[in-house]
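Take a look at the structure below.
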There are 2 protein chains.
Amino acid sequence: MITETKNSLTEQTRERLLAAARVVFSENGFQNATVREICRRADVNIAAVNYYFNSKEALFAATLNFEPLLTLCKKINQGSICAQERLLNFIHDFLMQLLDEKEFSVQCQLMARELAEPTPVLGKIVQEAIAPIHQFVANLVREIVGKTISEAELRRCVFSIFGQCMYYRHGQPVIQRLHPQLRYDHKEIEAIAKHIGEFSLAGLKQVAQNKCP
Amino acid sequence: MITETKNSLTEQTRERLLAAARVVFSENGFQNATVREICRRADVNIAAVNYYFNSKEALFAATLNFEPLLTLCKKINQGSICAQERLLNFIHDFLMQLLDEKEFSVQCQLMARELAEPTPVLGKIVQEAIAPIHQFVANLVREIVGKTISEAELRRCVFSIFGQCMYYRHGQPVIQRLHPQLRYDHKEIEAIAKHIGEFSLAGLKQVAQNKCP
DNA sequence: TTTACTATAAAACAAACGTTTGATACACTC
DNA sequence: GAGTGTATCAAACGTTTGTTTTATAGTAAA
């Protein structure tokens, strides 16, 4: 049918825009990314952005996809292993989504940028993605260190874990200059995950000892 | 003398520019900060930026001051206490410079922004400030965990410590939305420093155990 | 065939940016 | 007092940004 052909072609340019936008946004951030560059990469006229979406900001919001991160949490919870193992698995899978350049980690990198340079969409991202996975890790931590821990100390433990992970992405411009040979291949990510996992579990045990002597 | 009067007046507008630039840059980052806003706050004509400095970028470079960070490292090393205590002291003082809004931490905040959104001046910052204090912490870590640790594992330990500290600044837009009541007053910074210190020392001990069973 | 609608294209729009210009007032030298 | 150099100012410059306009094909319905 001709209608189908037309629709699929329409969807094609729309999807091409989205795909290009994801790449350009994750590479340059929201501000530094230009509509002209996105359209150039998508091989699409500049007016298409405001035709299919209404603005650059709406295009940016449309590129966000919280599903991979949220399904990661659900997948981890399905196993019947202990909390320590679940935390190690989470750190591993989270780092994979955050650092692996070959995977479709663009989604995660795109949101990671928001932490440092907030845009008008940050509120939505915090509410729908960051808050849930912070809560997820908080539950794991509480299960590991026991229930006597205070809310403030629990929060600091969660921050310690995320801080270690995020530094590899936020600090990348610096890290690249400090250690030019460092590449985030699978082997390196595994090593990082192992380190952060052991480092954090030991830290959590220490916190647990402090609270329940 | 009239010459002195003239010079001091000149210096006054130059210094006013620098002071305003420090504030605006640390609040908005290099890109988002505008020359017009800086001049407005300094109560100075727009042309003054290119008159006294040659460009916005040179003005930015002139606002940088690595001394507080470097003297921090020297001060810590002067004491004859053990490496663990020195690390705890460093984390405390570093967080004070990084988070305290009342102190003159603008210098540190200004450089912290560079980690996430690099500017043409980043190379200088890494070379003159970040690399030295990374090396400083690396030396402390090596002293704590023993010499058998590999270079890669040493690097990850340093990243774990800095990652935990920097998250409170880089993640502030997110943290503010997650915990709107959280304020970085002296009491809170002390608590954060205590947490990161204990958490990290436990992590380092674990790393040392792994390497020297 | 005519009409209406959709998708795309080139061009122009208004705003904001860093930077430069040209003029003005002032202090100092001779 | 004429001439020189400096600091400041309002104004404009040229560029880039996101967005809008206007026009042009092509398709579907009447």
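Chain identifiers are assigned alphabetically (A, B, ...) following the order of the sequence lines, protein sequences preceding nucleic acid strands; residue numbering begins at 1 within each chain.
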- Item | Derivation of the side chain to side chain donor-acceptor pair (under 3.5 Å) call for A:Asp93 and A:Gln97 | CA-CA 6 Å; A:Asp93 293 2; A:Gln97 283 204 28; over 6 Å; no

- Task: Mind checking side-chain contact (heavy atoms from CB on, under 4.5 Å) for B:Gln78 and listing every partner two or more places apart, or none if nothing turns up?
- Result: none

- Geometric cation-pi criterion, B:Lys56 with B:Phe25: 6.0 Å, 45°: no

- Task: Whole angstrom is fine here: how far is it from CG in B:Asn28 over to C1' in C:dG18?
- Result: 16 Å

Under 3.5 Å, sequence neighbours excluded: what are the donor-acceptor pairs made by side chains of residues 118-131 of chain A?
from     : atom 1 : to       : atom 2 : distance (Å)
A:Thr119 : OG1    : A:Glu114 : OE1    : 3.2
A:Thr119 : OG1    : A:Glu114 : OE2    : 2.9
A:Thr119 : OG1    : A:Val121 : N      : 3.1

- Item | Whole-Å gap separating P (D:dT16) and NZ (A:Lys56) | 15 Å

- Query: Which parts of residues 35-47 of chain B get close to DNA chain C, meaning a heavy atom less than 4.0 angstrom away?
  - Reply: B:Val35, B:Arg36, B:Ile46, B:Ala47

- Message: Donor-acceptor check, side chain of A:Glu190 to backbone of A:His186, threshold 3.5 angstrom: yes or no?
- Response: no

- Item | Distance test, side-chain N/O of A:Tyr52 to OP1/OP2 of C:dA7, below 4.0 Å | no

- State which residues pass ring pair (Phe, Tyr, Trp, His ring centres under 6.0 Å) with B:Phe162; sequence neighbours excluded, sorted by chain then number. B:Phe94, B:His134

- Query: Does a side chain donor of either A:Glu143 or A:Asn139 reach within less than 3.5 Å of an acceptor in the other side chain?
  - Reply: no

- Query: Rounded to the nearest Å, what distance is computed from the CZ atom of residue A:Arg16 to the C1' atom of nucleotide C:dT8?
  - Reply: 11 Å

- Take atom CG of B:Asn50 and atom C1' of D:dT6, then tell me their distance rounded to the nearest Å. 17 Å

- Message: Could you check whether any side-chain N or O of A:Tyr168 sits under 3.5 Å from a backbone N or O of A:Tyr184, counting only pairs where one atom can act as donor and the other as acceptor?
- Response: no

- Item | Strand DNA chain D as a dot-bracket string - pairs counted if Watson-Crick or G-U with both distances under 3.5 Å, | where the partner lies in another strand | ||||||||||||||||||||||||||||||

- Query: Where the side chain of A:Thr34 is concerned, which of D:dT17, C:dT20, D:dT8 is the nearest nucleotide?
  - Reply: D:dT17

- Task: Taking only the side-chain nitrogens and oxygens of A:Thr13, find out if one of them lies under 4.0 Å from OP1 or OP2 of C:dA7.
- Result: no

- Message: So if I take every side-chain heavy atom of A:Tyr51 and compare against D:dT8, C:dA7, D:dT19, which nucleotide ends up nearest?
- Response: C:dA7

- How is A:Ala58 classified with respect to the nucleic acid when contacts are heavy atoms under 4.0 Å: base, sugar-phosphate, or nothing? nothing

- Message: Going by ring pair (Phe, Tyr, Trp, His ring centres under 6.0 Å), name the pairs with one or both residues in residues 106-130 of chain A, residues two or more places apart or in two chains.
- Response: none

- Rounded off to whole Å, could you give me the CD-to-C1' distance for the A:Glu15 and C:dA7 pair? 16 Å

